[in-house]
Structures are given as structure tokens and as C-alpha cells.
Amino acid sequence: MAVLAAAVSGFSVYGQSKSFKLGQWVEIENSVLKELNRSYVDSLPVDRMMRAGIDAMLENLDPYTIYIPEDENENLQMMLSKTYGGIGAVILKDKDANVIINEPYYGSPAWKHGLRCGDEIITIDGQPTKGLEAAESSERMKGKPGTTVNFKVRKALTGDTVNVSVVRERIHIPDVEYVGMIDDTTGYIRQSGFTEKVSEEVKAGYNKLKGMGMKRLVLDLRGNGGGLMNEAINIVSLFVPKGSLVVSSKGSTPESVREYRTTSEPADTTMPLIIMVDSGSASSSEIVAGAIQDLDRGTIMGERTFGKGLVQTVRPIVYNGQLKVTTAKYYTPSGRCVQAIDYSHRNADGSVGHIPDSLTNEFRTSKGRIVRDGGGITPDVKLETPSYSRLVYSLVLGGIIDRYVIQYASSHDSIPALENFHFTDEDFEDFIRFAKTQDFDYRSSAETLFDQMKKELEEDGLADSMSEELDALGKAIAIDKEQFIRLKKDEIIPFIEEELAVRYYYQEAGIQVRLRYDTQLEEALKSPMAVL
């Protein structure tokens, strides 16, 4: 009885202490704000102060617990369902230039009203677009479905200036980007997210491919950052028996401790299944990959996944705000926690870094294979990731290829049918001429390292004594813009082809071009573990 009394007393004190500390800090914060409001020399930017305070408070937790105020609820809707009210087009915007239509979505209001790649938006509802930031231009084009937005447009191909009125619609960006056969027996589904009803899209894709003679399926989750847990469970349920455990969660409250099992009859439990993943495959992607691996239902191929094993729940708070809060960790059927065990050992992209086996635990799949925890899902078949030069990253991320494609589309009404379309040597010479006029960082990785080394030598006072050697080395590794672009031709052309295919034949065409050059997928299909 004495031990029980001590335990009860300790629990009571802990509970009181926790509540007391919270109340104490709320009272301190209120006192500080009231005193500032009463005596601070200038007017208080209360909204900015409080938002910064909330964000700073949440930064002390995990990266995924965030506050969403009422005026950002549209962003939450976009996050959950990839839908928004607008015209359905990607734009390119420099501050001192007009808005350029970069990519209209197929079937969108922009597409229906004849807006195409290269068209310039001169005004939006009478407001000139020059001088506007890209975000402001985008917000003016968005709006409630059924409302109208008026543009003055300079057409790319003719140069004519016309007025175009577009009725906004609810735009949905599909998570299933492509469904098709990549050879006589292999079906392929490219999935980029886990928003509402994506499992229905995957099922429809499976049925379509089955009718086309599919004998094995590749579900590509590379770069898929996740989303809704129930959609991941529904996708796994397509391929495993009803009642199978997919994932379990454990948090600090009784309702967060749960098991999630499949509740519907599967579409197919025997067809060979390949799940492709990489370091960008996170959250719900890891639920799918972990369950398929633990249940020995398919083969996971690619790279170790991101390592995000946290469950977020959206909670309503006052003034129509939302709090996306981490409420639990999730575990694969074998009992592995996908969450990286050490936040400090992360790669540059945020994914889980190397974890020694000595810091991990062994688990067993349904057939007794050993799998380990420690963060992320380790693939059954490791595939090398394609590497690209620094120049290619500069051309892509710096928008040089986008700008070239817009220029190309402004002077070419069409391109050959996709199966016959290739960027020719003559086309590449045209690209070189364009790229030479653009301002971007075309240094090689060696040159950037040399520049950094030279800077550090200068800081250490050693550069003058080594000036001859440094000059000689600098000249030896220097390469001019045109020479470097020609050297990396084979790396650059696939990116240009993909972007041109998207502009003329839309998103699915871009995926088809990407598949032409997908050496990782090619290697996966040749693996002994992928044989029918």
C-alpha cells in the first residue's frame, strides 16, 4: 500500500508540475505582451511577433509540427488533396518582365482558352504584371472556382495582343503521373504523392495495365514524399490478403496506439511486384515499401528511403487555424520503426545517413528474412543513383533550360510525334547559342573547390607565396561555357527533350521521355529478383 501510495503521489505531483509549468509560462508571456503594449516606444507589430513566436516554439520540436493560420488554409488543402482554384498553368516570372505561360495543364481552363507555352500575360484584371513578384502574380491568377479572371495576352507564335477571359476551376494535380506498359509484360505506375483518393487512381491504373497484358508491375515511388496514411494502407491492400497488418502506431495517448490492417479484398496477391524507392521516398512511401517488404509480397529496389516514421494529425485551433502536430511514430509489420534514430546523422537532402549495424536491431519478415531498423527502408536490391555534373544542375535549377524551351515553343508550332521526337545535333547547336547569352554559374565542381581552396589560402596568408602554382592550376582546370556545355551534351539533352515533350504533349509525355533514359529502372528490370 505504501508503494502504491508513493506511485499515485508521484503521478499526481508530475501531473500538477506539468500543468503548473505550462500555466506559469502562459502567464509570463501574457505579462510580457501586456507590458510591451503599455510602455514600448513604438507601436507593436503584434501579428508578426506572435507568428514568429509560435513558429520558434514549434521549431524546438520536430520539423513536421507546424501552425497553419486561417489565411493559409488553401495551402493545407493543396497539401492534402493537391487541389486549388485557378487556371491550371505553371508560370515563369522575372520581376521586371511580364508573366510567361511556361506549362498549361492538359484540360485546364488555361488550355481550354488557348493559352500555351510562351504566351505573355501583360495584365491580370487590368493590373500590369511587370514589377509584380512571382508569388503575387500567381495569387492573382488563383481564386474561387467559377469566378473569372481577365488577361491581356501577347501570343507567342503570332505576336498578336488579345484579351482572354478565363473561368477558374478546381484544379487537381494527380498523384498518379503515368500509367503504361514499358515492355510486353511489364506495367509501370509512377506515383508522386499520397493525397485523397490516390489509391483509387492506382487501382484503376492496375486494372488498365492488367487488361493490356501486364505480367509484373513496377510501382515507382522515387521522390514521393508521402501524404495520407490511409491511402498508403489502401494501396498495400491491393496486393496482400484482407486482414493483413500494414502498419502500427504508438504515441503518448491511448488513441494513438493502433494497428492498421487491410479491410478490402485484394486485386492481386501473386503478380510479381517491384517497388522503386530512393532517398526522397518518405512517410507513406515508406509505409508501402516497409509493408510489402515485411510481408514478402514484392521486391524493394533503389536506395535507402528518407527515414520519416512520424504520424501527423491536423487539429483545429482557435480562429479557424490548424495545427499539424506529430502524434505518434509508426512501425512496419515486423516491428521496425522507420524514423531515423539520430537526427544528427542526416544527408544533405535531409534523408537518413549511414547507421552502423551495431546501432540497429534485427527484425524478421513473414518468411524469416532479416531486416533492420535505424531509419528508412533498406532496399532488397541496391541500385546506383545516376549522377549529374554541376553544370546540369545549374542549367535545370537556374531555369536556363526552361527559358530555352519557352523560346523554342515560341517559334515552333509543333514537334514530331513523341516516338519519333529526338533533340538533334542542329537543335543542340541552337541551345548552345542561347545558353551562351544567359548568365549562370557554369563552373565545374573542380573549379568551385579550387575557388574555395584559394579563398582559404588567402585567409591563411599563404596565397601570395603560392601564386605561380595557383595560377597554373587555375588555368589547367578552367573550361569555358561553350566547351563545358558540349562536353556534357549527353547529360543535357534528356532534360531538354523531357521539357519540350511536356510543352507539346503534356505531363505524361515528359514521363515517357524520362523513361527512355532511366538507367536505374533498366537495371531493376534486369535484376534476378525481378524475373517473372
Side-chain angles (χ1 to χ4, degrees), residues 14-80 84 133-136 138-139 142 193 195 225-229 249-253 255-256 279-280 282-284 286 306-330 337-353 375-376 397:
Y14 171 76
Q16 288 178 2
S17 174
K18 187 177 180 181
S19 298
F20 174 77
K21 282 291 184 184
L22 178 61
Q24 183 183 42
W25 279 108
V26 168
E27 189 175 349
I28 291 170
E29 182 184 45
N30 286 336
S31 178
V32 169
L33 285 170
K34 287 177 180 177
E35 185 56 36
L36 286 171
N37 189 53
R38 186 184 70 83
S39 58
Y40 186 68
V41 62
D42 295 320
S43 60
L44 293 179
V46 176
D47 289 344
R48 191 167 73 247
M49 287 171 58
M50 295 308 296
R51 178 61 192 270
I54 291 171
D55 290 343
M57 175 177 65
L58 298 179
E59 282 175 5
N60 284 282
L61 303 177
D62 63 81
Y64 313 108
T65 295
I66 59 173
Y67 165 62
I68 304 166
E70 181 180 15
D71 60 0
E72 294 178 18
N73 277 343
E74 181 76 13
N75 295 336
L76 178 63
Q77 183 66 23
M78 181 66 179
M79 188 188 307
L80 296 177
Y84 68 96
E133 298 289 344
E136 186 177 358
S138 178
E139 285 304 311
K142 293 177 181 177
T195 56
L228 301 176
M229 178 192 287
S249 66
K250 298 176 186 176
S252 60
T253 60
E255 61 267 23
S256 67
S279 62
S283 187
S284 293
E286 295 173 296
F306 186 87
K308 179 182 179 290
L310 304 175
V311 180
Q312 278 79 51
T313 304
V314 178
R315 306 285 196 195
I317 56 177
V318 294
Y319 297 107
N320 297 317
Q322 310 279 345
L323 184 66
K324 186 163 78 74
V325 57
T326 298
T327 54
K329 293 181 179 180
Y330 68 73
C337 182
V338 174
Q339 180 62 30
I341 59 178
D342 186 352
Y343 268 107
S344 64
H345 290 86
R346 290 269 179 178
N347 297 320
D349 63 358
S351 61
V352 61
L397 300 179

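Across all non-hydrogen atoms, the minimal contact from V314 to Q322 is CG1-OE1, 3.3 Å. V311 and S249 get closest at one heavy-atom pair: CG2-CB, 4.4 Å. Nearest approach of A282 to F306, heavy atoms of both residues: CB-CB, 3.6 Å.
Taken from CD1 in I66 to CD in E72, the straight-line distance is 8.5 Å, to the nearest 0.5 Å. A distance of 9.0 Å separates CD1 in I317 from CD1 in I68, rounded to the nearest 0.5 Å. Rounding to the nearest 0.5 Å places CD of E139 at 13.0 Å from CD of E133. Interatomic distance, E59 CD to M57 CE, rounded to the nearest 0.5 Å: 11.0 Å.
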What's the verdict on side chain to side chain contact (heavy atoms under 4.5 Å, CB included) for L58 and L323, showing C-alpha distance, side-chain angles and the deciding distance? CA-CA 10 Å; L58 298 179; L323 184 66; 4.1 Å; yes
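Contact annotation: the side chain of N37 never approaches that of V46 to less than 4.5 Å [non-hydrogen atoms, C-beta and beyond]. A heavy-atom distance below 4.5 Å is not found between the side chains of T326 and L61. Between T327 and E255, the closest side-chain pair of non-hydrogen atoms is not below 4.5 Å.
Within a 6.0 Å radius of CD in E35, other residues, nucleotides and ligands contribute more than 12 heavy atoms. Atom CG of D47 has 12 or fewer heavy atoms from other residues, nucleotides or ligands within 6.0 Å. Around atom NZ of K324, more than 12 heavy atoms belonging to other residues, nucleotides or ligands sit under 6.0 Å away.
Formation of a donor-acceptor pair under 3.5 Å by the S256 side chain with backbone atoms of T253 is found in this model. At distances below 3.5 Å, at least one donor-acceptor pair connects side-chain atoms of E286 with backbone N or O atoms of K308. Under a 3.5 Å cut-off, the side chain of S283 and the backbone N or O of G225 do not form any donor-acceptor pair.
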